[in-house]
Amino acid sequence: MPHNHIIMKYSKAFIHTERTINDKLDATSHKLSIQAGLIQQVSAGLYDFLPLGHKVLSKIESVIREELNAIDCQEISMPIVQPKELWEESGRWNVYGKEMLKFKNRDEREFCFGPTHEEVVIDLVRTKITSYKQFPFTLYQIGRKFRDEMRPKNGLLRGKEFMMKDAYSFHTSNEDLDREYNALRTAYFNIFNRLGLKVIGIPADPGEIGGDGSEEVVAFSKFGEDYFIEENGVATKIEENEVEKYSATHEVYRGIEVGHIFKLGTKYSSAMNFNFVNREGKKEPVIMGCYGIGVSRIVNAILEQNNDEKGIKWPVAVAPYTLSIIPLKYQGSEFEAVALELEKAFEKVGVSTLLDDRDMGMGAKIKDSDLIGVPFKIILGKRFSEAKEFELEFRATGEKKVLVYKGEETVKEILAMI
RNA sequence: CGGGGCGUAGCGUAGUCCGGUUAUCGCGCAUGGUUUGGGACCAUGAGGUCGCAGGUUCGAAUCCUGCCGCCCCGACCA
């Protein structure tokens, strides 16, 4: 029977939490991501995503897709490995730096693991597009990037391999670029809002990627690598060594760069001979924008903003499971039937549920649920056998509600509260 | 790449300064029993190239040399 994995028995789930954590680790988010079994380190800056982490990533990706598709961005997928020739054309093969991991294949041809995809996407589009009539449009992908960071840090916060959403827009005028840039900017704030992240936009230095203007979107966190101040509602990035200077007169904030949008202009199209034919029949370089979101980094940013001493407090939009069902006993007990009944009811309405059927003490099961951050718990205990009473508990607030089980009616009651 | 720290069982650790029986403890795991509302208890058991290589020594987790890996701080990035 096909299974959508909305419903999972804990005993069958590949969920492995840790009671203790390596005391070398620093950032709260890094510790939690390992302790709650979201990720496992393979090597410095390289991580496995375990089922819980992978579910969270997928949910983040879904939110991004929905918001981008809503403004007519179109999803594509490009290869991770890229040939040297494209990078020589843009002039970046010898410029990008040691973060670009280069290698030769069996034919002695040179390639790199893509740290970004401007070259490849231009090569894709320039063969298909010739006329001004075919503009504008925006393509995006969600995939892996590789940057051979000299110092990977804090788990997913700065890995060598990471998940990124990169979008590229194509225009025949600067006005149209401005329009799309603003549309993407708005979409970004919608995305971060839905993900439950507190963020701020900061005008930025376009840096390596080059171009005419750019803005960073930064999620507040004391483990972030960006320092900034705010004045009259405008945030300004400062260097770490300027913190002392400003701290006398301003509040200095720290944050994680979760997004970055750029007006590229014609920098890459000119270099790579990417032109369109205008109304007058003459060639002009295509005007471009590019828009990044650090998808795997967002996991850390959310963790930084949503935790307590018990563990993770996932916003519902990204929680790997929405609900835990925790019976006092399961196999062969009086709780088994009702737990299954609830499970089925929630499956029907698409509420992802983790049924803790393990033969363990109630306390241990509750602690695990809280550590992995499930937003709602249904606790079936003694009072259920006595009076059909159970508890609905809210992870975010710690609030508990005692309810009486009356079948479907009760399921509706729960759905109204979660 | 500079500076600091670390590497002992699946995970977390003691021991290292000052070398000396069979390498410590907790968690987890296995078996049996007792438990069962906020990480239960008892008993028994399995599990180790002490990061790697070389050296000193009667003897090395411990001392010396070299290498590898990991974490944290700085210069760069989503």
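- Checked by atom type, the side-chain pair A:Gln141/A:Asp166 shows a donor-acceptor distance below 3.5 Å.
- A:Phe49 meets the ring-ring contact (aromatic ring centres under 6.0 Å, His included) test with no other residue; sequence neighbours excluded.
- The distance between atom NZ of A:Lys31 and atom P of B:rC11, rounded to the nearest whole Å, is 19 Å.
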Name every donor-acceptor pair, under 3.5 Å, that has one atom in a side chain of residues 64-72 of chain A and the other anywhere in the protein, sequence neighbours excluded.
from: A:Arg65; atom 1: NE; to: A:Glu75; atom 2: OE1; distance (Å): 2.8
from: A:Arg65; atom 1: NE; to: A:Glu75; atom 2: OE2; distance (Å): 3.1
from: A:Arg65; atom 1: NH2; to: A:Glu75; atom 2: OE2; distance (Å): 3.0
from: A:Glu66; atom 1: OE1; to: A:Arg194; atom 2: NH1; distance (Å): 3.2
from: A:Glu66; atom 1: OE1; to: A:Arg194; atom 2: NH2; distance (Å): 2.7
from: A:Glu67; atom 1: OE2; to: A:Arg194; atom 2: NH1; distance (Å): 2.8
from: A:Asn69; atom 1: OD1; to: A:Tyr140; atom 2: OH; distance (Å): 2.8
from: A:Asn69; atom 1: ND2; to: A:Arg65; atom 2: O; distance (Å): 3.3

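- As rounded to the nearest Å, B:rC42 and B:rG48 have C1' atoms that lie 27 Å from one another.
- Remark: A:Phe394 engages A:Phe376 in a ring-ring contact (aromatic ring centres under 6.0 Å, His included) (not counting sequence neighbours).
- A 4.5 Å side-chain heavy-atom check between A:Ile418 and A:Val351 finds at least one atom pair inside the cut-off.
- Residues from residues 324-337 of chain A lying near RNA chain B, meaning a heavy-atom separation below 4.0 Å, are A:Leu328 in numerical order.
- For B:rG39, the base has a donor-acceptor partner in the side chain of A:Asp368 [N/O atoms by modelled type, under 3.5 angstrom].
- Judged by the 6.0 Å and 45° rule, A:Arg126 forms no cation-pi pair with A:Phe274.
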Next item on the list: Take nucleotides 69-75 of chain B nucleotide by nucleotide from the 5' end and write B, S or -, depending on whether a protein heavy atom sits under 4.0 Å from the base, only from the sugar-phosphate, or from neither.
Entry: -BSBBBB
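- A:Thr138 and A:Glu180 make their closest contact through OG1-OE2, 2.7 Å (heavy atoms, listed as atom of the first residue, atom of the second, distance).
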Next item on the list: Apply ring pair (Phe, Tyr, Trp, His ring centres under 6.0 Å) to the pair A:Phe135 and A:Phe276, showing each step before the final yes or no.
Entry: CA-CA 9 Å; A:Phe135 289 85; A:Phe276 68 96; 5.4 Å; yes
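- What separates CE of A:Met360 from P of B:rG39 is a distance of 11 Å, to the nearest Å.
- Within the 4.5 Å cutoff, no side-chain heavy atoms of A:Lys145 are placed close to those of A:Glu161.
- A side-chain donor from one of A:Ser11 and A:Asp357 sits under 3.5 Å from a side-chain acceptor of the other.
- Atom CD1 in A:Ile379 sits about 14 Å away from atom C1' in B:rU36, given to the nearest Å.
- Of all the residues in residues 296-323 of chain A, A:Arg297 reach under 4.0 Å from RNA chain B with at least one non-hydrogen atom.
- Looking at residues two or more places apart in sequence or on another chain, you find no salt bridge (charged side-chain N to carboxylate O under 4.0 Å, His left out) involving A:Lys31.
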Might you list the N or O atoms of the protein lying below 3.5 Å from N or O atoms in nucleotides 25-33 of chain B, with each pair's distance?
none

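- A:Glu393 comes within contact range of at least one nucleobase, with a heavy-atom separation under 4.0 Å.
- When each of A:Thr17 and A:Gly292 is assigned the nucleotide of RNA chain B with its nearest heavy atom, A:Thr17 is the one assigned upstream, toward the 5' end.
- If you take atom C1' in B:rG66 and the same atom in B:rC17, they sit 23 Å apart, rounded to whole Å.
- Taking the six-membered ring where tryptophan is involved, the planes of A:Phe103 and A:Phe111 are essentially parallel, since the angle between them stays under 30° and well short of 60°.
- A tilted orientation is assigned to the rings of A:Phe113 and A:Phe146, their planes being inclined by 30° to 60°.
- On the P atoms, B:rA9 is 16 Å away from B:rA53, given to the nearest whole Å.
- B:rC64 and B:rG20 have their P atoms separated by 15 Å, given to the nearest Å.
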Next item on the list: Return one dot-bracket line describing RNA chain B 5' to 3' (Watson-Crick or G-U wobble pairs, both distances under 3.5 Å; ( ) same strand, [ ] crossing, | another strand, . none).
Entry: (((((((..(((.......[....))).((((((.....)))))).....(((((..]....))))))))))))....
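- In A:Asp359, the CG atom is not crowded: 12 or fewer heavy atoms of neighbouring residues, nucleotides or ligands sit closer than 6.0 Å.
- For the pair A:Glu99 CD and B:rA78 P, the computed distance is 11 Å after rounding to whole Å.
- Within the structure, side chain to side chain donor-acceptor pair (under 3.5 Å) contacts touching residues 289-300 of chain A (residues at least two apart or in different chains) are A:Ser29-A:Asn300, A:Ser169-A:Tyr291.
- Closest to the side chain of A:Glu225, from the set B:rC77, B:rC11, B:rG37, is B:rC77.
- Nucleotide B:rG37 holds its C1' atom 16 Å from the CZ atom of A:Arg358, rounded to whole Å.
- Using atom P as the reference point in both B:rU34 and B:rG39, the two lie 23 Å apart (nearest Å).
- The distance between atom CG of A:Asp359 and atom P of B:rU35, rounded to the nearest whole Å, is 14 Å.
- Nearest-nucleotide mapping onto RNA chain B: of A:Asp23 and A:Lys365, the residue sitting toward the 5' end is A:Asp23.
- Separation of the P atoms belonging to B:rG47 and B:rA30 is 16 Å when rounded to the nearest angstrom.
- Nucleic acid contact class of A:Gly398 (heavy atoms, under 4.0 Å, all strands): none.
- The NZ-P distance, from A:Lys367 to B:rG37, rounds to 14 Å in whole Å.
- Spacing between B:rG19 and B:rC72 at atom C1', rounded to whole Å, works out to 32 Å.
- For the pair A:Leu371 CG and B:rC11 C1', the interatomic distance rounds to 14 Å; values are reported in whole Å.
- Applying the salt bridge (Lys or Arg N to Asp or Glu O under 4.0 Å) test between A:Glu225 and each of A:Arg254, A:Lys237, A:Lys153 identifies A:Lys153 as the sole match.
- Taking the C1' atom of each, B:rG4 and B:rG10 are spaced 30 Å apart, rounded to whole Å.
- The stretch residues 311-330 of chain A participates, sequence neighbours left out, in no ring-ring contact (aromatic ring centres under 6.0 Å, His included) pair at all.
- Listed by first then second residue, pairs satisfying salt bridge (Lys or Arg N to Asp or Glu O under 4.0 Å) with a partner in residues 323-343 of chain A read A:Lys9-A:Glu343, not counting sequence neighbours.
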